[in-house]
Enquirer: 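Mind looking over this structure? Questions follow.
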Amino acid sequence: MANITPAQHLEEVLDRYRDSPNPRLAEITTAAIRHLHAFVEEVSLTREEWFTGIKTLTAIGQLCDEKRQEFILLSDTLGVSMLVEMINQAGAEGTTEPTVFGPFHVDDAPRCAMGESIVIDPSDADRPLVLTGRILDLDGQPIGGAELDVWQTASDGTYDVQSDDQTPMNMRGVFTTGLDGRYEIHSVRPVAYPIPGDGPAGALLFANGRHNWRPGHVHFVVSAPGYKSVITHLFDAESEYLDSDAVFGVRESLIIDMSDGTCDFDFVLEPET
Ligand code: BEZ
Ligand code: FE
């Protein structure tokens with residue numbers, strides 16, 4: 001009798017997962033198994049390499065706690081987080097392009113009056129920036145009562161939650177548009193900053209000759225009753241790393257000339273279905 005082949009082995013493994021009582025779980029598990037087996041075969045994974053992978057995943061798990069999520073960082077740097085957003089936030093033609101959420105959003109940021117500054121802790125390195133524009137529907141009509149939840153790093157490249165030197169909620173705010181759909185936010189030019197590189201996800205980046213920097217950006221969640229929310233960023237066109245973002249979040253349509261201290265951008269939302 002002939003020895004069992006990898007293809008026959010795969011079929012046996014898949015067969016035992018096909019009767020799962022949860023059809024969606026069966027779909028996901030069997031697809032993951034097929035791709036994992038194909039990956040191991042494609043690269044002819046050695047036992048040593050398999051164990052290196054196991055040790056890396058173990059170290060990633062051991063580093064995770066409520067503040068540090070190394071698995072999400074791995075997902076980000078492999079381009080998986082961005083792919084999940086592309087699939088789940090896919091918008092109609094003409095809507096604002098989405099990008100990654102990232103781990104630094106904080107719920108309950110201060111509610112700000114239109115035109116207010118989100119800078120609580122000014123610094124000598126600040127380069128002022130005024131962000132203006134409108135929230136529009138697909139017909140170009142302004143959306144009143146839309147909310148912009150905004151966050152970015154201080155000029156030293158750290159978020160308030162990463163720094164003992166910043167007042168909580170520095171560089172964060174929630175703005176609500178009036179009937180004209182307009183917004184105006186006073187802030188500072190965003191700077192490029194490194195994502196955490198001191199763990200196994202960073203080690204994998206560096207071992208592959210990659211860096212851990214993100215280009216300067218301002219984060220937004222734009223929402224309005226009756227419309228699909230969009231999670232996105234605006235990137236400073238003069239920033240470094242626009243073509244090598246560590247987490248693959250840059251989109252051409254989100255790169256804005258901020259060189260004169262202004263950033264003008266209209267967000268476009270589509271109706272909820
Ligand atoms: C961020 O832009 O805040 C971010 C996104 C992904 C990973 C780390 C940080
Ligand atoms: Fe960020």
Side-chain angles (χ1 to χ4, degrees), residues 60 63-89 96-107 109 118-119 121 125-127 129 131 148-163 166 168-174 185 187-206 208 210-222 229-256 258 263 265 267:
I60 289 173
L63 200 57
C64 289
D65 59 26
E66 50 308 322
K67 282 212 161 148
R68 179 76 180 252
Q69 237 303 353
E70 194 73 3
F71 268 116
I72 294 185
L73 219 47
L74 179 71
S75 163
D76 294 339
T77 52
L78 296 179
V80 175
S81 307
M82 190 61 218
L83 179 59
V84 171
E85 293 305 333
M86 289 166 74
I87 293 167
N88 286 274
Q89 285 205 76
T96 299
E97 256 185 303
T99 184
V100 281
F101 190 49
F104 296 118
H105 178 262
V106 168
D107 288 337
I118 59 170
V119 184
D121 303 323
D126 287 351
R127 294 180 299 164
L129 180 71
L131 301 123
L148 292 101
D149 191 339
V150 185
W151 69 105
Q152 68 176 95
T153 68
S155 296
D156 69 355
T158 63
Y159 288 93
D160 58 344
V161 289
Q162 296 174 294
S163 161
Q166 291 183 52
M169 300 296 179
N170 187 38
M171 311 306 298
R172 299 179 187 278
V174 179
I185 300 164
S187 185
V188 298
R189 293 269 295 272
V191 296
Y193 67 85
I195 62 170
D198 57 348
L204 189 62
L205 272 182
F206 304 140
N208 280 294
R210 291 188 59 206
H211 64 71
N212 60 331
W213 286 77
R214 297 215 65 205
H217 58 272
V218 181
H219 291 257
F220 295 87
V221 178
V222 184
S229 304
V230 65
I231 298 167
T232 194
H233 309 348
L234 295 179
F235 294 91
D236 187 331
E238 283 189 342
S239 182
E240 253 188 283
Y241 310 113
L242 284 168
D243 56 3
S244 61
D245 180 7
V247 305
F248 304 96
V250 179
R251 295 293 178 265
E252 193 75 39
S253 65
L254 305 175
I255 301 175
I256 314 293
M258 305 183 186
C263 169
F265 186 82
F267 294 93

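Whatever order the structure lists ligands and atoms in, that order sets their numbers, starting from 1.
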Enquirer: For the Fe ion (ligand 2), decide whether T153 has an N, O or S atom at a distance under 2.8 Å.
Expert: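 Given the 2.8 Å cut-off, T153 does not count as a ligand of the Fe ion (ligand 2).
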Enquirer: With side chains defined as the heavy atoms from C-beta onward, is the minimum distance between V100 and R214 less than 4.5 Å?
Expert: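 The answer is yes, as the side chains (C-beta and beyond) meet within the 4.5 Å cut-off.
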Enquirer: Can you tell me how far the OG atom of S81 sits from the CZ atom of F101, to the nearest 0.5 Å?
Expert: 12.5 Å
Enquirer: side-chain contact (heavy atoms from CB on, under 4.5 Å) for T99 and F248? Distances and angles first, verdict last.
Expert: CA-CA 9 Å; T99 184; F248 304 96; over 6 Å; no
Enquirer: Please could you name the atoms of ligand 1 that H219 approaches to less than 4.0 Å, counting only its heavy atoms?
Expert: 1 (C), 2 (O), 3 (O)
Enquirer: Below 4.0 angstrom from a heavy atom of Y193, which ligand 1 atoms are there? Numbered from 1 as shown, please.
Expert: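 That gives atoms 1 (C), 2 (O), 3 (O), 4 (C), 9 (C) of ligand 1.
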Enquirer: Sort out for me which residue in E97, H217, Q152 forms a side-chain contact (heavy atoms from CB on, under 4.5 Å) with H233.
Expert: H217
Enquirer: Is it true that T158 and Q166 share a donor-acceptor pair across their side chains at a distance under 3.5 Å?
Expert: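 Their side chains do contain a donor-acceptor pair, which is all the 3.5 Å distance test asks for.
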Enquirer: To which protein heavy atom is atom 2 (O) of ligand 1 closest, and what is the distance rounded to 0.1 Å?
Expert: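 Protein heavy atom with the smallest distance to atom 2 (O) of ligand 1: R214 NH1, 2.5 Å.
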Enquirer: Looking at the Fe ion (ligand 2), is one of the N, O or S atoms of H217 less than 2.8 Å from it?
Expert: yes
Enquirer: List ligand 1 atoms under 4.0 Å from G102, heavy atoms only on the residue side.
Expert: 4 (C), 5 (C), 6 (C)
Enquirer: I'd like to check which ligand 1 atoms, numbered from 1 as shown, lie under 4.0 Å from a non-hydrogen atom of H217.
Expert: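 Within the 4.0 Å cut-off of H217, ligand 1 contributes 2 (O).
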Enquirer: Taking only heavy atoms of D76 into account, list the atoms of ligand 1 that are under 4.0 Å away from them.
Expert: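 Close to D76: 6 (C), 7 (C).
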Enquirer: List every atom of ligand 1 that sits less than 4.0 Å from any heavy atom of I195, numbering the atoms from 1 in the order shown and giving each element.
Expert: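 Under 4.0 Å from I195, ligand 1 has these atoms: 8 (C), 9 (C).
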Enquirer: Is any side-chain N of the basic residue among R172 and D107 closer than 4.0 Å to the acidic one's carboxylate O?
Expert: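 No, no charged N to carboxylate O under 4.0 Å.
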Enquirer: Is a donor from one side chain sitting under 3.5 angstrom from an acceptor on the other, for Y159 and H105?
Expert: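 Y159 vs H105: no donor-acceptor pair found between side chains.
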Enquirer: To the nearest 0.1 Å, how far is atom 9 (C) of ligand 1 from its closest protein heavy atom, and which atom is that?
Expert: P103 CD, 3.4 Å
Enquirer: F104 vs Y193 aromatic rings, parallel, tilted or perpendicular, using cut-offs 30° and 60°?
Expert: perpendicular
Enquirer: Is the Fe ion (ligand 2) less than 2.8 Å from an N/O/S atom of Y159, whether that atom is in the backbone or a side chain?
Expert: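 An N, O or S atom of Y159 is closer than 2.8 Å to the Fe ion (ligand 2), so yes.
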Enquirer: What about Y159: any of its N or O atoms under 3.5 Å from an N or O on ligand 1?
Expert: yes
